[in-house]
Visitor: 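This structure is in structure tokens; I'll ask about it shortly.
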Amino acid sequence: MPGTERSEAGDKIYELILTGIRFEIELMNARVNWLLTSQAFLFVPLAIGAEGRPLGQSPLHPHIPLLGLGLCLLLTVSILAAALRVLQWRSKLRGTAYADEQTPREFSGVMPDTPRIPAMAVASAFGIPLALISTWSWILLSGG
């Protein structure tokens with residue numbers, strides 16, 4: 001098949017695509033680690049607040065579980081955004097996603113216009129601090 005031979009330019013394109021995929025996978029890993037760490041820290045005040053009673057009777061219930069659930073949802077959206085970007089990079093690796101009849105194997109480093117993906121990624125960047133601030137403020141102001 002024409003255009004599939006190895007070349008220096010092709011190797012550079014391949015490295016660029018692998019770098020993009022690696023970056024997105026590292027973002028996913030960091031977000032999953034942050035999620036696991038945040039959940040562990042949320043269980044501590046919930047358990048301490050229960051003081052031997054069932055967790056449902058803790059003064060921090062349902063505030064802490066709602067915060068944990070909100071963080072899970074926000075981080076899941078941002079992890080999904082990174083996963084979608086990996087799929088876009090992989091389609092470029094196949095070399096056919098952006099080809100047209102005039103340039104069947106031409107590579108473009110420009111990603112397609114998908115405004116939802118950056119918005120999904122930014123959801124955790126803004127949503128998580130807002131969720132934490134609002135939950136801790138609610139607990140503080142309610143005397144919980």
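Note that the coordinates shown come from a computational prediction; the quantities given were computed from them, not determined experimentally.
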Visitor: Measuring from Leu80:CG to Leu75:CG, what's the distance to the nearest 0.5 Å?
Guide: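 So the CG of Leu80 and the CG of Leu75 are separated by 12.5 Å.
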
Visitor: With side-chain contact (heavy atoms from CB on, under 4.5 Å) as the test, would you mind laying out the steps for Glu24 and Leu84 before giving the verdict?
Guide: CA-CA 9 Å; Glu24 296 299 337; Leu84 291 172; over 6 Å; no

Visitor: If every non-hydrogen atom of Pro59 is compared with every non-hydrogen atom of Arg53, which pair is closest and at what distance?
Guide: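 Looking at all heavy atoms of both residues, the shortest contact is CD-NH2, 3.7 Å.
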
Visitor: Can you tell me how far apart CD1 (Ile21) and CD (Glu26) are? Round to the nearest 0.5 Å.
Guide: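 Answer rounded to 0.5 Å: 12.0 Å.
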
Visitor: Could you walk me through whether Leu18 and Trp89 pass the side-chain contact (heavy atoms from CB on, under 4.5 Å) test, one step at a time?
Guide: CA-CA 8 Å; Leu18 288 183; Trp89 277 115; over 6 Å; no

Visitor: Would you compute the distance between atom CG of Leu60 and atom CG of Leu67 and round it to the nearest 0.5 angstrom?
Guide: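 Leu60 atom CG to Leu67 atom CG measures 10.5 Å (nearest 0.5 Å).
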
Visitor: Would you say Leu87 ends up clustered with Val77 if hydrophobic residues are merged whenever their side chains have heavy atoms under 4.5 Å apart, either directly or through other cluster members?
Guide: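 Hydrophobic grouping puts Val77 with Leu87.
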
Visitor: How far does SG of Cys72 sit from CG of Leu42, to the nearest 0.5 angstrom?
Guide: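 Answer for the SG-CG pair, Cys72 versus Leu42, is 9.0 Å.
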
Visitor: So does Gly68 get a backbone contact from the side chain of Gln39, meaning a donor-acceptor N/O pair under 3.5 Å?
Guide: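 The answer is yes, because a donor-acceptor pair under 3.5 Å joins these two groups.
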
Visitor: Between Arg85 and Leu27, is any pair of side-chain heavy atoms under 4.5 Å apart?
Guide: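 SC-SC contact between Arg85 and Leu27 ruled out.
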
Visitor: Kindly say whether Ser78 contributes a backbone atom to a donor-acceptor pair with the side chain of Arg31 at under 3.5 angstrom?
Guide: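 At least one qualifying donor-acceptor pair exists.
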
Visitor: Same cluster or not: Leu36 versus Ile25, using hydrophobic residues (I, L, V, M, F, W, Y) connected whenever any side-chain heavy atoms lie under 4.5 Å apart?
Guide: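 Yes: a chain of side-chain contacts under 4.5 Å links Leu36 to Ile25.
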
